[in-house]
Amino acid sequence: MIDLKTVRENPDRVRASQRVRGADEGLVDGLLAADETRRAVVSRADSLRGEQKTLGRSVSTASPDERPGLLERAKELATQVKAAEADQDRADAALREAQLAIPNLVEDGVPPGGEDDFVTLETVGTVPQLAAPREHTEIGADLGAIDTERGAKVSGARFYFLTGIGAQLELALVNLAMAQAERTGFTPVIAPALVRPEIMEGTGFLGAHAAEVYRLADDELYLVGTSEVALAGYHSNEILPDLPLRYAGFSSCFRREAGSYGKDTKGIIRVHWFDKVEMFSYVAADEARDEHQRLLAWEREFMDSLELAYRVIDVAAGDLGSSAARKFDIEAWFPSQGAYRELTSTSNCTTFQARRLNIRTKGEHGNEPVATLNGTLCAVARTIACLLDHHQQPDGTVYVPAALRPYLGGRELLGT
RNA sequence: GGAGGGCUCGCACAGUGGCCUAGUGCGGCGGUCUUGAAAACCGCUGUUGGGUGAUCCCCAACCGUGGGUUCGAAUCCCACGCCCUCCGCCA
């Protein structure tokens, strides 16, 4: 939820942000108008209520002769108050709607444009040279690690079983990620994968991307697409005395993948369900930009420990989620595709999420919303896909990066 | 799934229609006293919105949430949510 004060005091900045996102600038004027209307309506309701209060007191202390006249006037006032309060409710709702329609202010420096207008900030590592790279599905099947056929039989398309070394790989990656997070000062968290509507709403996932989210209609619960949702909701409606707070959440993640028909249909790169270790930070508003860089650095540390070649991209304004002010993706090299593919993503949501979830801290001028940021440490299924693809050897084996070996019984190669 | 109890300003409680403009205790902050501290005493102590307000001032709202009754609701009525206890079922 956007800060009303910013819109009032600096509407041009908000208009510019809308422009660079390719969003509607007119929404800003709509919001300003709704704000003005609301303030007028609230003032009126306030003074009417004040009058009613005073009159109510005189009714209770009035003498029997005065009473009937006062009561009549009080009845009149009561209807006026009721009408004014109805006006206020409408104005409140209109304001909130106008406020929610505007996405977060884009951070200075974000590249303008859409999906293809990202800027590559850095390219890291050596891209492996292979004569005839095989896809991770094939390698996974040979290793007895990934079974998508039975995944489809049991659960449908975009589901899978991890078996044998595949299952061990998942546990190894999760342990490696959690060990790094703990070393860095994150509190490990196992988070619920089902959340209430207001939490899902508050994190901004029921806006433009509502079709992506699984909903359990019988229970008014949603399946999370990332533990970011639960970790953001964790401190909702709280005033946080000590910042920063950093959590590393592990949970299953569920995505309907509506509208991605035909994309990545093979293998476990794009699936309806996967497990993920997610970093989530609560920081003071003026710390957000630095924290974002730190999250990116920790994501890179994990990529480096897996010995992957990757690039870091600065996602363009038009491709940002509504909560994000800026987003960096790390895309790792998939030899079989001859392309970089997204493995992790870190977003600075500034105070946008916190304002909606009512998460504050004691500031110099009273309670102020905190900033929230999230970053992927390890999206397991996709990381396994990348590891098999990236570290495949000509003889059909798969190289195990040194950092992962302690979690796999010291194995240096898979498939021997 | 069934039965019962609860939800009030950080915490514990009081408050069953108008002296509630929500009180008391604890905690916290400031002060008096003290070489210092404790104790004692005194004062302060929540959130939100509005007033052409930026720590003061004034007004309004907030007693789990949403409706309703009433001139007037923490208090009465209805619905819902959550927590706790017990029973049943269960990894």
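Treat the numbers as computed from the prediction; the structure is a model and nothing was measured. Each chain gets a letter, A, B and so on, in the order the sequences are listed, and its residues count up from 1.
When both pairing distances are held under 3.5 Å, B:A14 makes no Watson-Crick or G-U pair with any nucleotide shown. In this structure, B:U55 makes no Watson-Crick or G-U wobble pair, since no nucleotide meets both defining distances under 3.5 angstrom. Across all strands shown, B:C9 forms no Watson-Crick or G-U wobble pair with both distances under 3.5 Å.
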Classify every nucleotide of nucleotides 52-68 of chain B by which part a protein heavy atom approaches to under 4.0 Å, writing B for the base, S for the sugar-phosphate alone and - for neither, in 5'-to-3' order.
--------SS-------
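Every pair tested for ring pair (Phe, Tyr, Trp, His ring centres under 6.0 Å) that includes a residue from residues 211-230 of chain A fails, sequence neighbours excluded, so the list is empty.
The ring of A:Tyr247 has its center closer than 6.0 angstrom to the ring center of A:His235.
Within the 4.5 Å cutoff, the side chain of A:His136 has no heavy atoms near those of the A:Ser336 side chain.
The side chain of A:Arg196 places no N or O atom within less than 4.0 Å of a non-bridging phosphate oxygen (OP1 or OP2) of B:G81. Taking 4.0 angstrom as the limit, A:Gln52 places none of its side-chain polar atoms (N or O) nearer than this to OP1 or OP2 of B:C71. Within the 4.0 Å cut-off from OP1 or OP2 of B:G49, not a single side-chain nitrogen or oxygen of A:Arg38 is found.
Rounded to whole Å, atom P of B:U47 lies 12 Å from atom CG of A:Asn358. Distance A:Ile239 CD1 to B:U45 C1': 14 Å, rounded to the nearest Å.
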Taking it one step at a time, do A:Leu171 and A:Tyr407 satisfy side-chain contact (heavy atoms from CB on, under 4.5 Å)?
CA-CA 8 Å; A:Leu171 295 175; A:Tyr407 301 97; over 6 Å; no
For the pair A:Glu201 and A:Arg356, evaluate salt bridge (charged side-chain N to carboxylate O under 4.0 Å, His left out) and give the outcome as yes or no after the intermediate values.
CA-CA 9 Å; A:Glu201 213 158 50; A:Arg356 208 154 154 189; 5.4 Å; no
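Remark on RNA chain B: of its neighbouring residues A:Asn367 and A:Ala74, the 5'-side contact belongs to A:Asn367, judged by nearest-heavy-atom nucleotide.
Listed candidates were B:U47, B:G51, B:G49. Nearest to the side chain of A:Arg360 is B:U47.
Between the A:Thr226 side chain and the A:Glu228 main chain, a donor and an acceptor come within less than 3.5 Å of each other.
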